[in-house]
Every structure is written in structure tokens, then in C-alpha cells.
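I have a structure here, written as C-alpha cells, and I will follow up with some questions on it.
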Amino acid sequence: MIPRPALLRDLSASYVLNAGVTVSGDLVDAVRPALARLDPLPGDSGGIDVRRDPELGEEAYRLTVGSRGVEIVAGGRAGAFYAAQSLHQLLPAASYRFTGGGSWPVPGVRIEDEPRFAWRGLHLDVARHFFPKREILRLIDLMAVHKLNRLHLHLVDDQGWRVESRAYPRLHEVASHRPRTATNHHREPDTYDDVPHGGYYTLDDLAEIAAYARSRCVVIVPEIDVPGHASAILAAYPEFGATGERHDVLDRWGISPAILSPLPPTVEFLVTIFDELLGALGETPYAHIGGDEVVLDHWAASPEIGAYRESLGLASVNELQAWFLRRLADALAERGARAVVWDEAFVSGGLRQDTIVMPWRGMNVGRRAAAAGHDVVATPVYPLYLDYAEASSPDEPMAIGDAITLADVAAFAPVPAEWSEQERAHVLGVQAQLWTERVPDARTVDYRLWPRACAVAEVAWSGGVADGFDGRLAEHLGRLDALGVEYRPLDGPHPWQRRRPHRPSAVRITEVMSRIDALTHDAESTRPSI
Ligand code: ACM
């Protein structure tokens with residue numbers, strides 16, 4: 001099974017689960033989405049019994065398969081849902097197909113399980129390339145199979161804005177598409193396709209995605225990345241920018257100097273956008289406000305922004321950025337959501353104490369955030385940026401660089417041994433990132449995520465991959481096959497997944513890491529030049 005349960009004991013008895021098996025107990029509704037492919041029926045005789053035990057944590061469960069049926073005892077809805085996912089993994093891989101009417105032998109087992117980390121996340125950049133709603137729903141189903149429970153959607157970047165706004169409709173009308181897209185490798189001269197690219201989720205789509213996710217114990221974490229990464233917003237509403245100039249939705253990659261203004265009208269605009277987003281998503285405990293890779297030059301050059309900064313008694317544009325992000329986090333707190341930021345925002349200082357920090361530039365800066373009392377979700381480039389190639393091979397599809405292997409991900413320790421107990425207590429969990437500059441379609445999303453995200457899931461659930469991971473993964477790939485996942489085979493890409501033409505990768509992960517290390521030791525630095 002992946003992730004491996006905390007405790008699993010074989011029992012001598014076994015059971016046969018037939019389509020139409022009855023499910024009874026007070027948590028029936030929680031397990032139904034997990035067992036949909038098995039066609040369970042509500043009923044009160046034998047089959048699967050699912051009961052709540054208030055002594056267990058919300059995500060904890062016990063699962064017993066004996067000769068008379070399946071007994072699940074769970075702390076809450078999530079525990080019952082994960083018990084059902086574990087039960088499904090005990091069946092043959094073919095049970096993941098929509099064949100219907102199956103009759104599946106289940107080995108007798110006793111499982112006692114609960115996750116090590118509360119935050120078990122995947123991030124998907126839907127701004128650089130848009131992935132339609134059906135792909136998001138499918139990804140939520142795949143996350144649920146792996147007991148992953150946070151889907152962080154990066155909804156805006158220089159290259160596109162991806163949500164309907166009824167208050168500011170030019171965002172989805174103008175900022176959601178670009179006429180062409182860069183196709184060159186990192187550090188090569190720019191080349192472009194001539195293909196328009198775009199798309200956005202309506203607020204009704206987002207409400208549907210959030211409801212679908214909730215019933216599968218996944219929380220959607222929306223990100224509006226500000227004040228940098230702003231070209232698309234400023235293509236639609238240049239008046240909210242630092243210079244007032246209109247920008248184009250970017251058609252190439254890299255860090256842009258486009259930046260929002262910190263003045264009150266821009267803050268009001270963003271609060272309105274968050275009101276629309278949070279309204280559509282429903283109970284949303286977190287909202288990500290970005291804060292990464294901000295080029296503050298336009299703030300420093302603007303007399304109006306300089307005068308505003310002085311009126312606030314702030315000494316530097318870095319302090320002004322901290323103040324701006326703090327105002328957004330305060331507005332989110334009033335609406336019941338905790339702010340999440342990338343680590344540069346922590347380095348700039350002035351965060352609310354309840355703001356969650358994502359240390360993408362490495363766990364050193366994550367440790368500093370934890371020592372300062374912030375909750376932290378481990379998101380370091382190495383080894384959790386799954387836009388890096390899986391191997392240093394010219395056969396791999398074009399990636400930002402190479403290589404972050406499955407073994408690299410599997411070896412990740414989210415709470416390093418040398419951290420103090422207090423620092424370790426602030427690690428909420430683990431999240432893998434999929435940036436999509438070089439992920440043009442859903443087939444490539446499958447290739448990049450799987451099976452590396454299987455290792456992420458086990459690290460997040462168990463605190464590290466458990467014994468026998470390779471053998472369990474080999475079996476698990478049969479489930480992914482049945483689910484129709486176009487994962488990367490362990491020995492390299494299929495012929496149709498290979499890169500053409502062959503080109504050596506431009507960037508090595510070791511080179512990126514040494515540059516990021518240098519930058520994160522410099523508190524003033526906010527701009528790694530990768
Ligand atoms: C990031 O990779 N800029 C968070």
C-alpha cells in the first residue's frame with residue numbers, strides 16, 4: 001500500500017467484497033466517494049460497517065477485515081475516507097477500473113493508522129499553462145487515492161489570470177489569454193509557437209471544485225501571487241500598477257519587473273478579489289498571497305509611492321512590501337482565512353504570527369521561519385519541485401533543469417534531526433510543487449507528478465518513506481495503470497514521451513541550490529535569478 005499504514009497486521013481470515021456490498025454505520029457518507037468504483041449500497045447487513053470513535057483523531061482510523069466483513073472505526077469523516085482508500089488498496093488493481101459488477105477477494109488484515117503531518121500537499125501552477133476543470137477534478141481523485149489533502153492552485157502569474165471576476169471582468173476577459181508562448185529551453189534564445197493559450201475557471205467552477213475536493217478530504221488553497229508576477233493583472237487594469245503603464249500578458253518565462261502598487265486602491269481591489277474567491281470556495285481556511293521574486297525597482301523609483309511609504313513611517317521598500325502583505329493577511333483573517341506566503345515574505349519581516357511560510361528556497365530559511373514561531377510547510381526546490389526532470393537524460397521531456405529523481409524525493413526528511421523541538425513542532429507538513437512553464441498539457445502533468453508524488457504522499461503521511469517502498473511502488477503502478485495515469489515508467493520515458501529534438505538540459509539542480517543557498521543567507525536578498 002502507498003502510503004504505508006502506521007501498523008498493518010495480516011489476519012488469517014479473508015472476505016469477498018461484491019459489487020452492491022452494503023455499507024452501514026454513522027460515517028457512510030464519508031466513505032462513499034472513496035468506494036464509488038465498487039458500487040456499494042447503503043444497508044444494514046454485513047458488508048462494510050463504518051463507525052465513529054471520538055477517542056481517535058479526525059484523520060485516524062482502524063480497519064479490520066475478517067470473515068464476516070469489514071469494520072472501520074474512525075475519528076471523523078477524513079479517517080473514514082482514508083480507511084476506505086486503504087480498503088480499496090487491499091483489492092486487486094483491476095478494482096480501480098470502471099468495469100462494474102466485480103467480486104473482489106480482500107485479505108484479512110488489521111490496520112491502525114493516522115498521518116504524521118496535517119498538510120500533505122500538491123501545488124499546481126495553472127497560470128503558466130491552464131488545465132481545465134475536468135483535469136483538476138481528476139487530480140483531486142488521484143490525490144485522494146494517496147491521502148494527499150491540500151491542493152494549492154497558483155491562479156495568477158505574469159502569463160495569465162485564471163479566475164472569473166464579476167467585479168473586475170477584464171481579468172478573465174483580457175488577462176486570461178496570450179497570443180503565443182515561448183518554446184525555448186532555459187537560457188536559449190527565445191522561440192515561440194504561434195498558438196493562443198488561455199482559459200479560466202468561473203466562480204461556479206471553483207465552487208464545484210471546492211465541493212468535490214471537500215467530499216474527498218482535500219482543501220483547495222487558492223493563490224493570488226502579489227505584488228510581483230503582475231503582468232497579466234496589469235494588462236487588464238494598469239491603474240493598479242506601480243507605474244500605471246499597461247503591460248502585456250507575458251508570452252515568455254523568467255522574472256518580470258511588473259509590480260502592483262501598494263497604495264490603498266490596489267489593496268481594496270485585491271480584497272474584493274479575495275472576497276469573490278473565498279465566497280466561491282466556501283469554508284476556506286487558507287489563502288496564499290505569494291510574496292516571492294518581487295522586483296521592487298518601480299516602488300523605489302516612484303515619488304508617489306515614496307511619499308506614501310514616508311507617510312507610513314516606513315524606512316525601506318522592503319518594509320513597505322511587508323506592510324502591504326500584512327494588510328492583505330489582516331483582511332483574510334477578518335474573513336476566517338490564514339495567509340500563506342513564500343519565504344521571501346518572511347525574510348522581508350512584519351508577518352502576522354499566524355501566517356504560514358513556504359520555504360521554497362530551502363529548509364534553512366524554513367528553520368528561521370519556524371524559530372520565529374511561524375508554521376511552515378516544507379516546499380524546498382530540492383527535492384520538491386517536480387518541474388525538474390526525473391533523470392539527467394536527453395530522453396527526458398524538456399524541464400526547467402535536471403535532475404530530481406524519485407529516490408531524491410523518497411529520501412526527503414521534512415523535519416531535519418538538528419532542528420530544535422520547538423522548530424520541529426512548527427512543520428505543518430510537506431508539499432510538492434508543479435510549475436508549468438514547460439508542462440504544456442495534462443499528459444505532461446501526469447508524467448511529471450507520478451510516481452514522484454507517490455513518494456511525496458508517503459513522506460507526508462509517514463514522515464519518510466517506509467520499508468519496502470520500491471516493492472510497494474511497483475505494485476502500486478498497477479493501480480495507476482488501471483486509473484489511466486500516464487506516469488513516467490521507472491526505467492525512463494516511453495518512446496512517445498521522449499523529448500524531441502534531443503538537447504542537453506541547461507540547468508543542474510546542484511547549480512540552482514548553491515545559488516539559492518547563497519541568497520537565503522543574505523536577509524536583504526529577495527531575488528534568486530533562476
Ligand atoms: C517560487 O518558486 N518562485 C515560489
Side-chain angles (χ1 to χ4, degrees), residues 119 121-129 150-160 162 186 221-233 250 252-260 286-296 321 325 328 339-348 351 355-366 368-369 374 376-389 399-402 404 409 412 429-439 448-449 456 507 509 511-520 522 525-530:
W119 188 298
L122 283 187
H123 148 291
L124 181 66
D125 169 10
V126 297
R128 271 53 177 269
H129 281 97
R150 302 279 184 268
L151 176 57
H152 169 173
L153 293 175
H154 184 74
L155 291 167
V156 58
D157 216 298
D158 293 295
Q159 296 82 7
R162 302 293 173 220
H186 198 59
V221 181
E223 180 183 355
I224 302 296
D225 190 355
V226 293
H229 296 271
S231 302
I233 297 174
L250 274 195
R252 62 186 181 282
W253 318 122
I255 298 174
S256 150
I259 183 170
L260 299 179
Y286 316 104
H288 201 305
I289 54 178
D292 62 318
E293 298 179 326
V294 183
V295 184
L296 291 166
Q321 186 193 347
L325 291 173
L328 290 179
V340 189
V341 295
W342 299 112
D343 64 64
E344 293 98 318
F346 161 71
V347 173
S348 289
L351 293 181
T355 297
I356 297 168
V357 175
M358 291 190 162
W360 72 278
R361 296 180 300 169
M363 292 306 282
N364 286 339
V365 66
R368 280 159 52 199
H374 290 288
V376 162
V377 177
T379 54
V381 172
Y382 180 83
L384 295 180
Y385 268 32
L386 302 186
D387 52 332
Y388 281 77
I400 176 78
D402 60 24
I404 293 177
V409 180
F412 181 58
V430 180
Q431 178 175 289
Q433 280 52 245
L434 189 58
W435 299 99
T436 59
E437 287 95 332
R438 291 167 184 85
V439 181
R448 290 264 176 259
L449 284 181
V456 173
V507 185
I509 186 70
E511 180 193 339
V512 174
M513 290 320 297
S514 59
R515 258 193 283 151
I516 285 179
D517 270 357
L519 282 162
T520 52
D522 168 5
S525 237
T526 57
R527 189 150 58 110
S529 55
I530 55 169

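Counting starts at 1 for both ligands and their atoms, in listed order.
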- Query: Any sub-3.5 Å donor-acceptor pair from S231's side-chain atoms to A258's backbone N or O?
  - Reply: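 Checking the backbone N and O of A258 against the side chain of S231, no donor-acceptor pair under 3.5 Å is found.
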- Item | Main-chain N/O of A369 paired to H374 side chain as donor or acceptor, under 3.5 Å |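 It does not hold such a pair.
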Out of all atoms in ligand 1, which are within 4.0 Å of some heavy atom of W435? Include the element for each.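 Reading through ligand 1 atom by atom, the close ones are 1 (C), 2 (O), 4 (C).
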| task | Find all atoms of ligand 1 within a distance of less than 4.0 Å from any non-hydrogen atom belonging to E293, and give their numbers and elements. | result |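 Numbered from 1, ligand 1 contributes 3 (N).
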(Q) To check your reading of the model: name the closest protein heavy atom to atom 3 (N) of ligand 1, its residue, and the distance in Å. (A)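 Ranking protein heavy atoms by distance from atom 3 (N) of ligand 1, first comes D292 OD2, 2.6 Å.
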Side chain T379, main chain Q431, donor-acceptor under 3.5 Å |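 Answer holds: no.
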H229-ligand 1 polar pair, N/O distance under 3.5 Å: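 Checking ligand 1 against H229, no N or O pair falls under 3.5 Å apart.
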Say whether, by atom type as modelled, one donor and one acceptor occur between the side chain of H288 and the main chain of H154 under 3.5 angstrom.
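No.
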Under 4.0 Å from any heavy atom of Y385, which atoms of ligand 1 are there?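 Listed by number with element, the hits are 1 (C), 2 (O), 4 (C).
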Review point. Donor-acceptor pair, R438 side chain versus I400 backbone, under 3.5 Å?
Key: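 No, because the side chain of R438 does not come within donor-acceptor range (under 3.5 Å) of the backbone of I400.
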